[in-house]
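Everything below concerns the one structure shown next.
Values reported hereafter were calculated over all heavy atoms of this structure, with side chains retained and with hydrogens, waters and symmetry mates removed. Residue numbers start from 1 in every chain, and the chains themselves are labelled A, B, ... in the order their sequence lines are given, proteins ahead of strands.
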Amino acid sequence: MNDLQDRLPVALQRFAYDAPSASTCADGARHRGNQLKHRRQVRQRLAGAGAVCLIAVVAVVALGNRASSRRDVTGISVANSTTSSLAVATSTVAPTSSAPTTFQPPSPEATIDDSLYPDVVMIADPVPAGTELAFRSLLSECVAR
Amino acid sequence: MALSVDVPVVSANYFVDDFDDVYAAEVPGLLKLAFVLTGSRQLAEEVVQEAFAKAFSRWSTIDNPGGYLRVAVLNSTRNEFRRRDRARKAERLLAHSLVEESSIVHSDDELVNAVHRLPSKRRAVVIARFYLGLSERETADALGLRPGTVKSRLSRGLEQLRHEVTR
């Protein structure tokens, strides 16, 4: 093995004598070097532009998500506390009209469709005689227990 | 009273002159290195030109042009061989060879021919160690390898050479 390691440098040096002499001058390398530099600059600019585009896309997606999450929440606000009217805003992003929708309480004469609420026992108004008394005794019994 | 101050005059062509000087000084040695690595005159010239082109494109940032160029030649040769291997595989389709086989110089010394038959990674380590005379540590730094990798590639390369020469 040591013989091989001694022979290798000599053999390689001898082989190197047949190497070509410099047939080209520095101009060619300089020209090609300028090309490489230009390409590298273009690559860097493209990478920079790509990064800006990526940031813009991420920002747009993030803003879109935020807007859609706000749209899902129905905001209720009291529009005018002095008149005690309830204003229900259906959308914070794109309201259907410029004025908030005003809640209208049902009129006392309004009739209720019983078929919609079959399990609800409706108490007539005025309350039948004796009903209030029975309710009070039932309540006091519960409190006593 | 006029003050005379000696201002060092820096030539506008300092950068270019510097590159030309390094080119003139380093080309012969680099061509030999590339030729020993590749065994091809044509490929050696291409590799050296490419190394100088790479160096020129970042000339102002290079502290040690000679060392940079040697490493560039070593690495370019490895890349060139990988490319040539791929080109050989595609040769049947393209009917084109990147390097003319006639440009490969076959040595009278069987040991040199055996070196050229080594895989490119082992060959680069063997030549850095036995042609450039770099230590294992310097070879590792030059090729961007760990010292353990250099040691194992060197050991396998020498083993292969010994096997081929004594065959």
Side-chain angles (χ1 to χ4, degrees), chain A residues 1-70, chain B residues 15-16 19-24 26-46 48-59 103 105-116 126-127 129-133 154-155 157-159 161-162 165-166:
Chain A
M1 184 65 102
N2 284 335
D3 178 48
L4 184 72
Q5 292 188 25
D6 292 338
R7 278 176 59 198
L8 260 173
V10 179
L12 292 172
Q13 293 286 350
R14 193 179 297 146
F15 182 72
Y17 288 142
D18 292 332
S21 55
S23 60
T24 52
C25 62
D27 290 340
R30 203 179 293 122
H31 177 67
R32 174 97 179 104
N34 281 329
Q35 282 182 333
L36 290 176
K37 195 192 290 185
H38 177 67
R39 276 189 209 164
R40 191 165 56 241
Q41 285 167 349
V42 168
R43 270 202 304 271
Q44 282 168 351
R45 280 183 203 150
L46 284 175
V52 169
C53 286
L54 187 64
I55 290 168
V57 167
V58 169
V60 166
V61 169
L63 286 173
N65 283 342
R66 193 173 165 202
S68 90
S69 68
R70 286 179 69 195
Chain B
F15 179 81
V16 174
F19 181 76
D20 284 357
D21 291 345
V22 172
Y23 189 93
E26 297 286 345
V27 152
L30 290 171
L31 279 172
K32 283 182 179 175
L33 171 62
F35 179 62
V36 168
L37 277 161
T38 62
S40 161
R41 293 190 176 97
Q42 175 198 339
L43 195 52
E45 288 199 24
E46 286 174 15
V48 170
Q49 278 295 101
E50 196 66 20
F52 270 105
K54 275 182 196 162
F56 185 81
S57 71
R58 54 186 73 212
W59 193 246
S103 76
V105 177
H106 292 282
S107 170
D108 296 335
D109 194 333
E110 185 49 35
L111 184 56
V112 174
N113 292 332
V115 169
H116 288 152
V126 166
I127 288 175
R129 183 81 180 82
F130 292 103
Y131 176 72
L132 292 177
L154 198 57
S155 169
L158 289 173
E159 185 64 32
L161 287 175
R162 191 165 61 111
V165 171
T166 57

Problem set entry | Flag, side chain of Arg40(A) to backbone of Ser57(B), donor-acceptor distance under 3.5 Å | yes
Exercise. Is there a side chain to side chain contact (heavy atoms under 4.5 Å, CB included) between Arg14(A) and Val112(B) once you walk through the steps?
Worked result: CA-CA 10 Å; Arg14(A) 193 179 297 146; Val112(B) 174; over 6 Å; no
For this session: Would you give the length of the straight line joining atom OG of Ser21(A) to atom CD of Glu45(B), rounded to the nearest 0.5 angstrom?
Result: 7.5 Å
Seminar exercise, completed: Separation between CG (Leu12(A)) and CZ (Phe35(B)), nearest 0.5 Å, reads 11.5 Å
Problem set entry | Atom pair OH/NZ of Tyr17(A) and Lys32(B) - distance to nearest 0.5 Å | 7.0 Å
Exercise. Which atoms form the tightest heavy-atom contact between Leu158(B) and Leu4(A), and what is the distance?
Worked result: O-CD2, 3.5 Å
Problem set entry | chain A contact via Val115(B) - which portion, at a heavy-atom distance below 4.5 Å | side chain
Exercise. Tell me, side chain or backbone of Phe130(B) under 4.5 Å from chain A's heavy atoms, or both, or neither?
Worked result: both
Problem set entry | Heavy-atom closest contact (Leu111(B) atom, Ala11(A) atom, distance) | CD2-CB, 4.3 Å
For this session: Starting at CZ of Arg129(B), measure out to CD of Gln5(A) and round the result to the nearest 0.5 Å.
Result: 7.5 Å
For this session: Please state whether the side chain, the backbone, both or neither of Val27(B) comes within less than 4.5 Å of a heavy atom of chain A.
Result: side chain
Exercise. Considering only heavy atoms from C-beta outward, does the side chain of Arg58(B) approach that of Leu36(A) to under 4.5 Å?
Worked result: no
Problem set entry | For Pro20(A) against Leu31(B), the heavy-atom pair lying closest together | O-CD1, 3.3 Å
For this session: Quick one: pull up NZ in Lys37(A) and CZ in Phe56(B) and give me the separation to the nearest 0.5 Å.
Result: 5.5 Å
Problem set entry | CH2-CZ distance between Trp59(B) and Arg30(A), expressed to the nearest 0.5 angstrom | 10.5 Å
